[in-house]
Colleague: 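Got a structure here, written out as C-alpha cells. Questions coming.
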Amino acid sequence: MNYSQYILLIPLLPLAGFLVLGLFGKSYFNKSAGIIGTLFLLVAAILSLYTAYNYFFIDGKVNGVYQSIIPFKYTWLSFSENISIDMGFVLDPISVMMLVVVTFVSLMVHIFSLWYMKGEERFSTYYAFLGLFTFSMLGLVISTNIFQIYMFWELVGVSSYLLIGFYYDKPSAVAASKKAFIVTRFADLAFLIGILILGFQAETLDFGTLIQRLTDIQSSQFIGITTASFFGVSLLTWALTLVFIGGAGKSAMLPLHIWLPDAMEGPTPVSALIHAATMVVAGVYLVARLFPVFHINQASLHIVTFVGVASALFAAIIACTQTDIKRVLAYSTMSQIGYMMFSLGISGIGGENGLGYTASLFHLFTHAFFKSLLFLAAGAVIHLVHSNELKDMGGLKRYMPVTHIVFLVACLAISGIFPFAGFFSKEEILLASYESNKIVYAIALFTSGLTAFYMFRLYFSIFWNKQKDLHSHHGEGNMSMKIPLWILAVCTCTAGFISFGKYVSADGKELASHFHILFSIVPVTVSLLGILLAMLLYKKENGKPQAISNSLGGLYKTAYHKFYIDEVYLFITKKIIFNLVGRPAAWIDKNIIDGIMNGIAGVTASISSAIKGIQSGKVQSYALYFFAGIIAMAIVFVYLWK
Amino acid sequence: MNEIPISHILFVSTALFFIGMYGLFTRRNMITMLMAIELILNSVNINFVVFNKYLYPDKLDGIFFTIFIIAIAAAEAAVAIAIIINLYRNHQSIDVEEAEEMKF
Amino acid sequence: MTASQIIFYLISAFMLGTAILAVTTRKIFRSAIWLLFSLIGTAALYFWLEVEFIAAVQIIVYVGGIVVLIIFSIFLTQQSGQRMAKAPITRVIASVLATIFGFSLTFLLISQHSFQLTEKPFDWTISKIGMQMLGTDRNGFALPLEVVSILLLAAMIGCIVIAIKSNPEEK
Amino acid sequence: MNLSLLVILPILNALLLLPFKEAKQVRLITLAGAVVQFILCFFLLYLFWQEKTTGNTSLMLFENNYKWYAPLNINFHTGVDGISVSMILLTAFVVLAGILVSWKQEKLSKEFFFLLLFLSAGAYGFFISIDLFTLFFFLELAVIPKFLLIGIWGSGKKEYSAMKLALMLMGGSALVFVGLAGIYFNTNINGAHSFDMLQIAQSNISEDIQKLFFPFAFIGFGIFTALFPFHTWVPDGHSSAPTAASMFLAGISMKLGGYGCLRVATWLMPDAAHHYSTIIIILACIAILYGAFATMMQTDLKYINAYSSISHCGFVLLGIGMLTQTAITGAVMQMVSHGLMTALFFAAIGMIYDRTHTRQVAQLSGLLKVMPFISAVFVIAGLCSLGLPGLSGFVAEMTVFMGSWQNADSFYRIATIIACASIVVTAVYILRATGQVIMGPITNNDYKSLKDAAWNEKLAAVILITGIVAIGVAPFWLNDLLRPATDIIMQKISAITK
Amino acid sequence: MLADFFILMKAELVITLLIFTLLFLKIGNKEWRNESLLNIINLLLFINLLSGFFIAKEGTLFGDMFRTNELLRFEKNMLNLGILIISLQSYHWLKQHKHVPEFYMLLLSTLLGMFFMISANNILMFYLALELSTIPLAALCNFDLHKKIASEAAFKMSISSAFSSGLLLFGISLLYGTTGSLNFAEISSQLNGSPLQLFSFILLLSGFTFKISAVPFHLWTADVYEGSPVAVTSYLSVISKAAILFVLVSVLYNVFQPLGSNWYNMLFVLSVLTMIIGNLFALRQQNMKRFLAFSSIAQVGFILIGITGQSAEGSASVIYFVLVYLFSNLGAFGVVALVSSLAGKENIDDYKGFYTHNKLLSWVLAISLFSLAGIPPTAGFFGKFFLLLAGAAKGNYILITIAALNMVISLYYYLRIIKAMFMDENKNPVEKINAGLQPKLALAICMIGIIVTGLISGAYNYIYSLVK
C-alpha cells in the first residue's frame, strides 16, 4: 500500500480549511464557512479511516508485530549531522488510532457546530480555528520526530488559546485563554528542556532511533544518559520527568491542571474537541510514544503513576462539588486522564505486563467518544438554558429527549457500566492496576465510584429534578446537532467491543482481551452505588445535598474552591513574580541602569560647570594658568617622565 | 671679563624675565602690563647677546636675533597701545579687571 | 674682585631694582620712569658686554621709542598722578609663588647646564652687522629684515585703523 | 552583480527626491525605489543561490575590491556570504514595509523619506562590507538619520531619546573603532596592516591582543544590539521614534550590532571569543530574562516591544557566545526573525497609535472588533515573538537552544535553560498585552468608529508576515543559506576549542 | 638665480604684491565702492589661489632660511583657499565696513607671515613670521571698532600672544644657548635631551600650542573668538591654526625628532587635556562663536593625537584633517557669519526653529557640524578616523579610547545645535536669510569640500605622497 500518495492530505486538508477560511472566510463566505470546513474534514476523516483500515487489516503487521511505517519524511531543519528536525508521518498503532479519533471527533464537532455556532459573527473564524487545531493535532500524533511533536504541541496550544478566547469580548474568556496558554507554556518549557537532554544524549531527535538507542542498555548513548547525573538523579530520569511535565501540562495533570476548568470559557463544541477528546490526551499520547524509554527508567514511570492517581482522585473530588456543568465535565476529564496516566505508569512491556498500556490507550479511545458526547450534549443543554449553572437547569428531559438519551448513555459509559465503552476500558485499567499495585487499585476503585456519583449528579440535576423556568423554547435543535450526538452515542455503545489489544499494545504484538466477569463485579458495584447515591440525592429536589455539604463543612469548601490551588498560583504570579521579579527588574532598569547612563551625562555636565571658573575672562589669570601649565609640564617631563 | 661666570649673567636675565612676568600677572593697568612685557623681552635680549658672546662668537646670530626682537617689541607695543587707546575710548577704562565681559 | 665685576653687579642690581620698582609702584608715571631706568640699565649691561651696537639700538628704540610711546599713551588714557588699583590679593600671592618657583626652576636648570665656554674672541663690527643684515647668503639676514619691515608696515596700518579717531556721526 | 548597487540605489533615490516638493511625488518615488531595491535583493538571492548550486565554494561571492585609501590599505571591498544575503533580504523587507507604513507622512515628508533611504543605504552598505573601514563607515552612517528621525518626527520625550540613542550608539561605535584599530595594527599582511576581513581572518592575531581588543569590538557592537547593561537607549529610542523609524531601528539597526559581534568580533578574534564566552553568555542570559521581566511591567506598547527586543536580542548574543555552529546559525536566524517580527510589531503599534492616539495598554481594549486586520497583525507579531511554530521566532529560538545545548559543559546548559525559561515570561507579557489591547470589550466609545488598516498598511504587514511565515514554515532555505557561512566562522573557532 | 627666487617665493611675492596693490588703492584718490572693491579683492584672491597651482619648484633661498617644496606649496594653497572662502563669506560684514582695504592688508600680511612661517628653515625666520601672523591679527580682532568686546578681545589677544611669545623667545634663547644655532637642521643635530634643552623645548612647544589653543594654553581662545568679528574668528580658528599646525608637524617631525619620545608624552597629555577640557566647556556654551571656539579646541586635541603618530601617516593625517577641518569649520562659520551679519543673532537659542525658514542654511550648518563631529559620509569622519588611526599606530590605545569617547561627548554638543535648528520650537525663528552670491559660493565650496575630500580618496593620497 502506498500511503504517500494521499497521506499528507489528512493533516493538510484541515490546514487548507484554516487558510482558506482564515484569509478569505470573513469577507467572502462567512455563512458557508461551516460547510466548507466540514467538507474538508469529512474528506480527512474518510482518508484516515481508510488509512486505519489499510494499516490494521492489510499491511501494518509484519510477522505478527505492527510496524511503524514512515511514508513521508522531510528534513525540515538540520542542526548537525545527526540532529535535525524532520517533518514526517509515522504510521503505527497509536498514531493511526489517534488519527481516527481526532478526525472523527473533529468531524462530529464540526457538524455539531453548524448548528451550535450558527449566527455567530465570527463564524468563519471559528471554523478556521477548528481547522488549525485539527491540523495541529494531527501533526502532533503523526510526528516522527520529538521536535516535530513539540512544534505541533505548541500549535495545538495556540489553537486552544484562540478557541478559548473565541468570545474575546468576555474578560473571563480572555483571562482563561491566557491562563491556559501560560500554564501549558510553562509545562512546555520543561518539555523543551527534556527534549534537549534526550535529543542530545541520544544524539538524535528521531523517535524511532531515540527509542532504540535509549532502550538498548549497551548503547553508548544509553550509558551516557544514565551515568551522567544532575543533583544525584540520572539525566534520563530528569529528561523523562521533564518531558512528562510537558505532557502533564497539556493533559491537565496535578498541579498543572488549573487551566482546564477555566478553559471551559470557550464554545462548548471546542471543549468537546480540544479539552475532552483530543488535545488534553496529548500528554498520554506522549508518554505512550516514549513508553519504552519510560519503561526502562522506572523512577520516572513512578512519577507518572503517582501524578496520574493523584489527579484522578483529586479531580473526582472537586467534580462532586462543582455546579457549573462544564466544569464538572472538565474535572471529570482530568480524572479520566489521570486514569490513563497511571495506567501507563503501572504498565510493563510485553504480553500480560503490557495490559496497562493497552488499557490506557483503550480508555483514551473510548473516552474520546463518550466525553465528547457528554460535552456536545452539555452544549445543547447550555444552548437551551443559556447558562452553565446547575441551578438553572432541571427537568430538561421533556424538552430535549435526544440529548437526554445520549447524555445518559455517556454517563453510563463513563461510570463503567456494561456494555458501554467505558466499562471495557476501565475494567482493563482496574485489572492492570490490581495486578501491579493494590493501593493504586483501591484509589482507582474509589474514584470510579466517585465518577459515577458526580456524573449522575449531573445527569439527574439536569434532566430530572425540579423543572426550572425556561425563557426560551426553541426546541432541541436540528439534524446537524442530532446527527453527531447519535453517531457518538452509537460509538459509545459499540466501541467497547473492539478487541483493542489486538491492535494496540506496548510491544506491537497482539494482546488478547481479558475479560474477567468476576473481577468486574466489584467495580461495577461500586459505580452502581455511586449512581444510586446520586439518584437519592438529586433525582428529586430536596435539601439533602445541601445538608451533606454543610456537614462536611471545611472539607466541602476546600473541594469547592478546588483546594485553593488557583489561589496559590495567583499568589505566586501576582505577588512573587510580578512584585518581586518583574517590578524590581523594571525599576532597576529605569532607575539604576538608565540612571547610571544618565548619571554619566549629569556628571559630565556638573564637571563642566564646576570648572567653568578657569575661563574667568581675566587675561592675567589666563597668563597664570599658562605659566602654571609650563611649570607643570617642565616638572613632569623634565624630571618625572622622560 | 671672564671672571663673571655666565650663570651670573643668566641669573640677572632670568630674574628680569620673572620680574616682568610678575608685573604682567599683577598690574591692573593695561599699559603697565605692556611695560612688563617689555621687561620680559629685554631679558631675552640679554640672553641672546650673552650666549652669542660667550658661547658661539663665530656667528652673529644672537646679535641679530636681539635686533629683530627689539623691532618686534616696538611693533607689538604700538599695536597694543592702539588697542588700549581704542578700548579706553569705547570704555573709559583701561583696568584689565574690567575687561572681562566674556567669560565661562 | 675686579672693577669689571663690581660694575657688572652694580649694573645688575640697578637694572633689577628699577625693574622691580617698575612693576610694583602704584603711580603709573613713576612706573614708566622706573622702566626707563631699567632699560637704560640693560643698555649699560650691553656696554659692559662690549656690544655697543646693541646698547645703542636699545637706547634708541626702547628708550627713545617705546618708552616715549608708553608715556604718551599714559597721558592719553590716565591722569598721571593717580594711584593704580591693586590686584586681588589671591592673584598677587599666586603670582609671587609662581614667579619665585618658576625662577628657581629655570635658574636651577640653567645653572645645572654646563655651557661650553669658548675662548674665541667675539668680534663684531658695525660693518659686519651691516653686511650680514643685507646679505642673502648663508649668514645673511635680508629676508628677516624684509619680514620685519612688512610687519612694521602692517602694525602701522593696524595702529592707524584702530587708533584713528572716528567721527561720532559715523558710528 | 555589483554589490555597490545596493548602496548606490537608495542614495540615488534619496537624491532624486530633492527637486520634488509635493509629498505625493516624494513618496511615490521613494516607494518605486524601494520596490526596485526589493527586487534587486531577491535577484541577489537568486544569483547567490545559482552560484552556490553551481559549486562556487568561495567564502564571499560577488566580490569587488576598489582601492580607496591606498596608503592605509583601505579598500572599498564588498562581497556577500549567506549571512550577509539574509541580512540584506531582511533590510529589503523592513525598508519596503517601513516606507509603506509611513505613507501618510505629511510633516516634512521629503526629509523624512530622504533620511529613511539614507539609513537604509547605511544598512545595506554595512552588510556588504568586507573591509572593516567600510563597515565602520556604514555603521556610523546609519546613526545620525536615526537621531533626526526620532528627534523631528518622534513623539513623547523625543529629543531626549534621540540624543540618548545617538550618544550611546556613537559610544558603541567609538569602542568599535578602538577594536578595529587594534585589529588593524596587529595584522601583518605582507608587511602591511589590513582592514580586509578576509585577510585578517587568515592571519592569526595573537591571543593576548585578541583578549585586549575583543571586548572593545564586542561591547561596541553589543551596544547596537542592546547588550546588557548598555541597552537603555533601546526603550526610549524605540518608543519615541516614529513608526517607520522604530521599525528600522529595531528591525535593521539593532542587527548591525549582532552582525558586527559575529563577523568582526567573533570571527576575527576567535580566541578571545572563546575566552570571553562565559561573560557573553552571562550577559546575554541576563538580557534575556531581565529584559523579559522588565517587559512584563511595561504599560506602553512601544516600551513593551522595545524591552522585548532587549530580551530577543539577548538570544542573538547568546547564540554568538555559545560558539557552536548551530547556535551561531540560530543567532543569525534570530536576527532575521526578530527584525521582521519586531518591525511588524512596531508597524501594528504604529497603526493602533495613529488611530487611537494612545499606546497605553490600559487605555486600549477590544480593538479586534473595530480593526480586525490590525489586530490580527498584532497577534501574529505577538505569537511570533513568543515563538509559535510556523513563524520565524520559533525556528530561530529553537536553533539557538539546540546550538547552545551542544556545549556539553553544565555552565552552558544551565545558561540554556535560563534562556529557555524566557519563553514562558515572553508568553506572559505578550498575552497580557494582547488580552488587554486586542481582546476584551471596547471601553472607549470613540474607538467604535475607528477604521481598519488602509491598503498601504495592509501591504506592509503582508510583506513582513510573508517573510516571517516563509522562515517559520520552511526554515531549511535559510538554514542552507547560512550553514556554509557559519561553517567558515566555525572553522576558526573549532581550531581553538580543539 | 633670480628666476628661482621668483618661482620659489611665488606665493609670498603674490601676497606682497596684493598688499601693495591694496595699499595703493587705499592711498589713491579714487573712492571705491565697497561692493566693487570686495569683488575685485575676491577676484584677486581667486587669482592668487590659482597662481599657487602653477609652476613650482623645490629649493631653498637666502642661505637656507627659506625653503619650499610640493608639500609646503600645497599647504599654502590650502591657506589661500581658506582665505578666499573667508573673504567670500564675510561679504555682508565687510560691505558695511569703513576699512576694507586695511582689513585685507592686515589679513594678507598675516597670511604672508604664515607662508614665511611654513617655509621657515630658521628659528629666527620662524619667530618673525609668527609675529607677523600674530600682531596684525590682534589689530584685526578690533575691527568692530565700536564694540567693547572687540577691543577686549583684541587686547586679550595681543597681551596673551605677547606673553606667549615672550616665553617662546625665552625658550628660543635657551635653545640657542644649548645648541648654538638658529638653523633648524643644525639645531636638530645638536639636540641631546639635556634638561635645559627639554625645558626650552617645552617653552617652545607652549608657544606653538598657545597658537593652536591646546589646553592649558587655550584660555584666550574663547574670549577672543567671541569678541572678534566673525570673519576674524573664522580666520583665527581655521587659517591661523592650520598654518601653525603645519609648522608644528614639520618642526616636531624634522627638527625635534631626537626628542621624539619626550614630545610624544607631552602631546599625549596635552591632547587628552585638550579634548576633555575643550569638550567640557563646549557643552555649556550659549554663544555660537564661543561654542565653535571650544569645539575647535577639542578638535585640536584630536589633531595632536595624529601628530603623536610620528609617521608619514601621522603628518599626512594631520594635514588632511586640517583640510577637512578648513571646509567644515568654514562651512559652520559661513552660516554663523550670515546669521550674525544679516539677522544679528549669535546665540544658540536664536537658532531654535532655524529650519522653518532657512532649510538650506540649516542643512549646510548641520553638515558642517556633522563633519566636525566626524560623522560619515562627511569628510570629517575620514579625517578623524585617520587621525586616530595614526595615533593608534604607536600602540597607545588608552589615548585612542579616550579620544573615541570624547568624540561621543563632542557629538552631544554638535547635536545640540542640530536639535535646536531642527527640533526645537521657537515663536520667532530667524527669518529667511538672503545670503547673496558670494557667501553662497563660499558655502558651496565648503559643502563640496566636505563631501568630496572624504569620499574621494584623492586628497589624502596626494597629501600622503607629498609627505612621503
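Lettering of chains follows the sequences in order, A, B, ..., and the numbering in each one begins at 1.
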Colleague: Can you give me the closest heavy-atom contact between Ile83(B) and Phe155(E), atom names plus distance?
Modeller: CG2-N, 3.6 Å
Colleague: Enter the distance from Met33(B):CE to Phe163(E):CZ here, rounded to the nearest 0.5 Å.
Modeller: 9.5 Å
Colleague: If you apply the rule side chain to side chain contact (heavy atoms under 4.5 Å, CB included), what do you find for Leu55(B) with Thr178(E), and how did you get there?
Modeller: CA-CA 9 Å; Leu55(B) 304 178; Thr178(E) 53; over 6 Å; no
Colleague: Indicate the atoms forming the closest heavy-atom contact of Ala162(E) with Ile37(B), along with that distance.
Modeller: CB-CD1, 3.5 Å
Colleague: Can you give me the closest heavy-atom contact between Met102(B) and Gly227(E), atom names plus distance?
Modeller: SD-N, 3.4 Å
Colleague: Out of curiosity, Leu182(E) CG to Phe48(B) CZ, how far, rounded to the nearest 0.5 Å?
Modeller: 6.5 Å
Colleague: Could you look at Ala154(E) and say if it's the side chain, the backbone, both or neither that has a heavy atom under 4.5 Å from chain B?
Modeller: both
Colleague: Below 4.5 Å from any heavy atom of chain B, which atoms of Ser173(E) appear? Answer side chain, backbone, both or neither.
Modeller: both
Colleague: Considering non-hydrogen atoms only, spot the tightest contact between Asn86(B) and Ser151(E) and give its length.
Modeller: OD1-OG, 2.9 Å
Colleague: Check each atom of Val96(B) against the heavy atoms of chain E and say whether the ones under 4.5 Å are side chain, backbone, both or neither.
Modeller: side chain
Colleague: Here's a test for you: under side-chain contact (heavy atoms from CB on, under 4.5 Å), which of Leu168(E), Leu169(E), Leu167(E) qualifies with Val44(B)?
Modeller: Leu169(E)
Colleague: For the interface with chain B, which of Ile123(E), Asn142(E), Val224(E) has the highest count of heavy-atom pairs at distances below 4.5 Å?
Modeller: Asn142(E)
Colleague: Taking side chain as everything from C-beta outward and backbone as N, CA, C, O, which of these in Gln286(E) sits under 4.5 Å from a heavy atom of chain B? Side chain, backbone, both or neither.
Modeller: neither
Colleague: With respect to chain E, which residue among Leu24(B), Leu41(B), Asn45(B) yields the maximal number of heavy-atom pairs within a distance under 4.5 Å?
Modeller: Leu24(B)
Colleague: With a cut-off of 6.0 Å (strictly less than), are more than 12 heavy atoms of other residues, nucleotides or ligands near NZ of Lys345(E)?
Modeller: yes
Colleague: Applying side chain to side chain contact (heavy atoms under 4.5 Å, CB included) to Phe170(E) and Thr14(B), what does each step give before you reach the verdict?
Modeller: CA-CA 9 Å; Phe170(E) 198 74; Thr14(B) 311; 4.1 Å; yes
Colleague: Taking heavy atoms only and a threshold strictly under 4.5 Å, list by residue number the residues of residues 105-117 of chain E that touch chain B; give 'none' if the list is empty.
Modeller: none
Colleague: Under 4.5 Å from any heavy atom of chain E, what part of Phe65(B) do you find: side chain, backbone, both or neither?
Modeller: both
Colleague: For Gly62(B), does its backbone N or O pair with a side-chain atom of Tyr176(E) as donor and acceptor, under 3.5 Å?
Modeller: yes
Colleague: Leu87(B) versus chain E, heavy atoms under 4.5 Å apart: side chain, backbone, both or neither?
Modeller: both
Colleague: For a quick test of reading the model, state the closest non-hydrogen atom pair linking Glu101(B) to Glu152(E) and the distance between them.
Modeller: N-OE2, 2.9 Å
Colleague: Of the backbone (N, CA, C, O) and the side chain (C-beta and beyond), which part of Ala150(E) lies under 4.5 Å from a heavy atom of chain B, both, or neither?
Modeller: neither
Colleague: Where does Ile172(E) contact chain B at under 4.5 Å (heavy atoms): side chain, backbone, both or neither?
Modeller: both
Colleague: Which residues in residues 124-134 of chain E have any heavy atom closer than 4.5 Å to a heavy atom of chain B?
Modeller: Leu124(E), Tyr127(E), Leu128(E), Glu131(E)
Colleague: Evaluate Lys156(E) against Glu100(B) for salt bridge (charged side-chain N to carboxylate O under 4.0 Å, His left out), listing each step before the verdict.
Modeller: CA-CA 10 Å; Lys156(E) 280 178 179 169; Glu100(B) 48 157 11; over 6 Å; no
Colleague: Can you say whether Asn52(B) sits under 4.5 Å from chain E via the side chain, the backbone, both, or neither, judging by heavy atoms?
Modeller: both
